[in-house]
Novice: 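Before I ask anything, here is the structure I am working with.
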Amino acid sequence: MASKTFRGGVHLNYHKELTNQKPLINVDASDVVIIPLKMHIGQEASPIVKKGDRVLVGQKIGDTSAFVGVPVHSSVSGEVQKIDTTLLPNGLRGLAVFIKNDGQYELDPSIKPKASLEELSSREIVDIVREAGIVGLGGATFPTHVKLCVPEGKDVDYLLVNGAECEPYLTCDHRIMLERTDELFYGIEAAARACGAEHIKICIEDNKKDCIELLAKRCGPNCEVVALETKYPQGGEKQLIKAVLNREVPSGTLPYEVGVVVINVGTAVAIAEAIQKGMPLVKRAVSVTGDIVNNPGNFIVPIGTTMDKLLDIVGGTKEPIGRIIYGGPMMGTSIHETDEPVVKGTSGILVLGRNESPLIGEPDPCIRCARCVDHCPMHLMPNMLERLVSKEELDKAKKMGLNDCIECGCCSYVCPSKRHLVQWIRVGKMELIARKKREDQKIASKAIETA
Amino acid sequence: MSPLILSLIVMGSLGLVFGLGLALASRKFAVESDPHIDEIEAVLPKVNCGACGAAGCRAFAEAVAAGKMPVNGCVPGGAAVTAQIASIMGVDADETKEREVAQVMCQGDYEHAKLRSLYDGLQDCRAAMGAAGGPKGCVYGCLRLGSCVKACPFNAIGLNEHGIPVVDESRCTGCNKCVEACPRNIIELRPVSMGVHVRCRSISKGADVRKVCTIGCIGCMKCQKTCKYDAIHVENNLARIDYSKCTNCGECAEVCPVGSIVKQGKTVIVRESIAVDKVETKTQKA
């Protein structure tokens with residue numbers, strides 16, 4: 001059977017052979033862990049510990065009452081050094097809790113196994129997932145309980161488990177599927193129960209033949225493994241639904257509108273941990289990779305571990321570092337300093353040498369070749385969006401689907417003039433949010449004046 | 001009758017009939033418009049900056065003529081335009097607020113502020129900010145990519161040779177565009193008569209500031225102790241001036257050990273009647 005796919009996208013050089021045979025290794029946290037209180041999409045959690053407190057592994061250190069938002073837990077035991085603002089990898093400023101690691105990893109007494117899956121109702125599973133602070137571990141960090149909590153009147157029939165891992169270099173999901181298969185299936189079952197999906201499809205790109213074979217053997221009657229064409233961005237939620245079920249998610253809505261819930265394989269394992277052991281999300285699988293890294297590998301890293309520590313673990317680099325990227329090379333952000341922590345959305349740390357990351361310089365003019373239009377998996381016109389945003393015509397850009405862009409970066413990748421297409425689109429999206437904030441403020445201040 | 005004369009008569013009479021029709025229609029269906037609107041629009045700067053809150057100069061003129069907006073609403077026009085509009089509308093323009101100009105609250109140029117990495121992406125401050133917070137060592141400082149310069153409709157702001165934006169106070173109209181464009185919120189509107197500013201926005205601790213910038217505020221409190229008017233206070237590691245108390249004496253600038261408080265371009269306003277735009281600028285070294 002031919003592998004399924006969507007229209008658009010790009011074929012890349014994958015570099016997965018660097019780490020795809022390297023088993024997951026548990027590593028210790030750094031001496032000081034930095035745990036940001038906003039590692040997810042939605043409301044920032046507020047700290048519930050203070051300077052000088054002793055915290056334990058799995059203890060809640062931040063919480064929020066907003067629906068779209070999750071609590072944050074300590075990944076080590078030790079003393080809270082300070083609570084301070086830091087710059088997060090996405091460029092926003094936020095509060096973070098700095099914890100001095102005492103190396104004992106003493107467990108919080110509240111961590112004990114929850115009831116067995118048969119005894120839990122779907123509501124209870126959603127609550128456990130929220131309390132465990134689980135967010136989408138594919139990189140987008142959308143709170144998982146929001147996905148699983150299907151609103152009244154919407155019927156979900158398919159649960160898609162996303163094991164596509166379409167970003168080059170990253171292999172942590174690949175290793176999770178191979179090594180943590182039991183937990184994976186347990187988590188999938190829990191998620192299916194929570195959202196009420198009858199059919200389960202595990203979606204894997206066809207460059208991971210070993211995973212497809214292994215998981216196909218383990219699948220139950222309502223479960224199926226789907227092989228997908230190896231193409232970027234196959235792991236995008238909307239692209240996955242289109243490829244597997246031929247359904248299109250309407251603009252501005254979530255997948256349950258078309259009866260689908262999509263979760264990442266790492267998220268499924270985290271759900272299993274939360275129910276089986278009662279362990280909140282305090283560790284995640286991270287690929288530390290790159291051609292210049294001495295011993296690249298896949299690691300289970302406590303959240304908040306700084307990058308210096310990880311670079312030590314992989315034994316440094318063969319040549320001077322040119323660029324360090326959080327996430328994959330397509331959607332990740334290049335960071336400036338090595339004291340930044342691993343957060344919930346960090347699926348990989350990619351270290352590139354000077355030769356691999358040349359400076360691009362000024363872009364050339366657009367030659368209207370329409371390659372970006374051909375490759376856009378969301379069927380947008382990146383060239384037009386770029387032009388409209390750079391000329392501050394945000395309303396027109398919005399009409400042309402600015403907010404539908406998934407920022408996969410295919411447009412910038414294929415552009416022969418090396419124009420900053422996705423970057424401009426990102427600026428446009430940020431500007432739309434900023435504009436809305438300003439308008440809300442104006443309305444609020446007017447309301448105060450009149451009152 | 002020759003066809004020439006016949007056609008002249010026919011066309012002429014047709015023209016006359018249609019002309020009469022049009023003349024009648026223009027009388028009957030005439031749109032009543034306030035003559036003040038055109039008069040007001042004529043004196044406005046016509047840059048459609050939107051600083052007044054209306055969609056453009058015409059919309060502002062309509063709103064003023066309808067009494068929905070105050071006569072002093074035009075920010076770029078300043079006092080001169082306010083006076084003209086007031087005389088058109090026949091009201092007293094007594095509420096003349098002082099003109100505000102943009103002030104750049106950062107001096108972290110290439111000489112004084114360190115970069116932590118090389119940024120080669122889109123040359124726009126907002127894009128650089130999105131890439132893990134930008135290349136500058138100080139996470140509060142100016143990114144030096146000139147989004148404010150591009151946003152200014154009056155050409156009143158430009159980057160100096162060290163990459164820091166400089167505002168031409170005579171051109172700045174206080175329209176707020178650069179303030180909105182700056183992702184680091186470094187630009188602020190300040191009364192034009194105020195000549196002493198703390199040109200730093202970093203709320204890091206003094207030692208952390210010194211690591212990345214030699215001209216940033218370290219929160220040493222010297223200015224607070226020196227000020228006789230209780231106008232400058234250090235809150236959250238950063239000195240802030242209370243402009244309602246500040247007298248422009250500049251003593252804080254003299255004691256500042258790092259030079260982040262600056263007294264420059266001391267402005268003297270000749271307050272003759274309404275002419276606030278008669279501003280004399282004397283550059284005086286702090």
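Every chain is numbered from 1 and lettered A, B, ... according to where its sequence line falls, protein lines coming before strand lines.
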Novice: Is B/Arg240 atom CZ crowded by more than 12 heavy atoms from other residues, nucleotides or ligands, each under 6.0 Å away?
Specialist: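 More than 12 within 6.0 Å, yes.
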Novice: Identify each donor-acceptor pair in which a side-chain atom of residues 145-158 of chain B lies under 3.5 Å from a protein atom, sequence neighbours left out, and give them as a table.
Specialist:
from: B/Ser147; atom 1: OG; to: B/Asp124; atom 2: OD2; distance (Å): 3.4
from: B/Ser147; atom 1: OG; to: B/Cys125; atom 2: N; distance (Å): 3.1
from: B/Lys150; atom 1: NZ; to: B/Gln123; atom 2: O; distance (Å): 3.0

Novice: Where does B/Leu118 contact chain A at under 4.5 Å (heavy atoms): side chain, backbone, both or neither?
Specialist: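 For B/Leu118, side-chain heavy atoms alone lie under 4.5 Å from chain A.
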Novice: Is the count of non-hydrogen atoms from other residues, nucleotides or ligands lying under 6.0 Å from B/Lys46 atom NZ greater than 12?
Specialist: yes
Novice: Can you say whether A/Thr85 sits under 4.5 Å from chain B via the side chain, the backbone, both, or neither, judging by heavy atoms?
Specialist: side chain
Novice: Pairs in or reaching into residues 331-347 of chain A: which pass salt bridge (Lys or Arg N to Asp or Glu O under 4.0 Å), with residues at least two apart or in two chains?
Specialist: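 Those involving residues 331-347 of chain A are A/Glu337-B/Arg116.
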Novice: Quick one: side-chain contact (heavy atoms from CB on, under 4.5 Å) partners of A/Lys396, sequence neighbours excluded?
Specialist: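 Only A/Leu388, A/Glu393 meet the side-chain contact (heavy atoms from CB on, under 4.5 Å) criterion with A/Lys396.
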Novice: Quick one: what part of A/Arg438 sits under 4.5 Å from any heavy atom of chain B, side chain, backbone, both or neither?
Specialist: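 For A/Arg438, side-chain heavy atoms alone lie under 4.5 Å from chain B.
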Novice: Using a heavy-atom cutoff of under 4.5 Å, enumerate the residues of residues 421-430 of chain A that contact chain B, numbered in order, or state 'none'.
Specialist: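 Counting heavy atoms that sit under 4.5 Å from chain B, the residues of residues 421-430 of chain A involved are A/Gln423, A/Trp424, A/Val427, A/Met430.
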Novice: Would you compute the distance between atom CG of B/Asp120 and atom CZ of A/Arg323 and round it to the nearest 0.5 angstrom?
Specialist: 6.5 Å
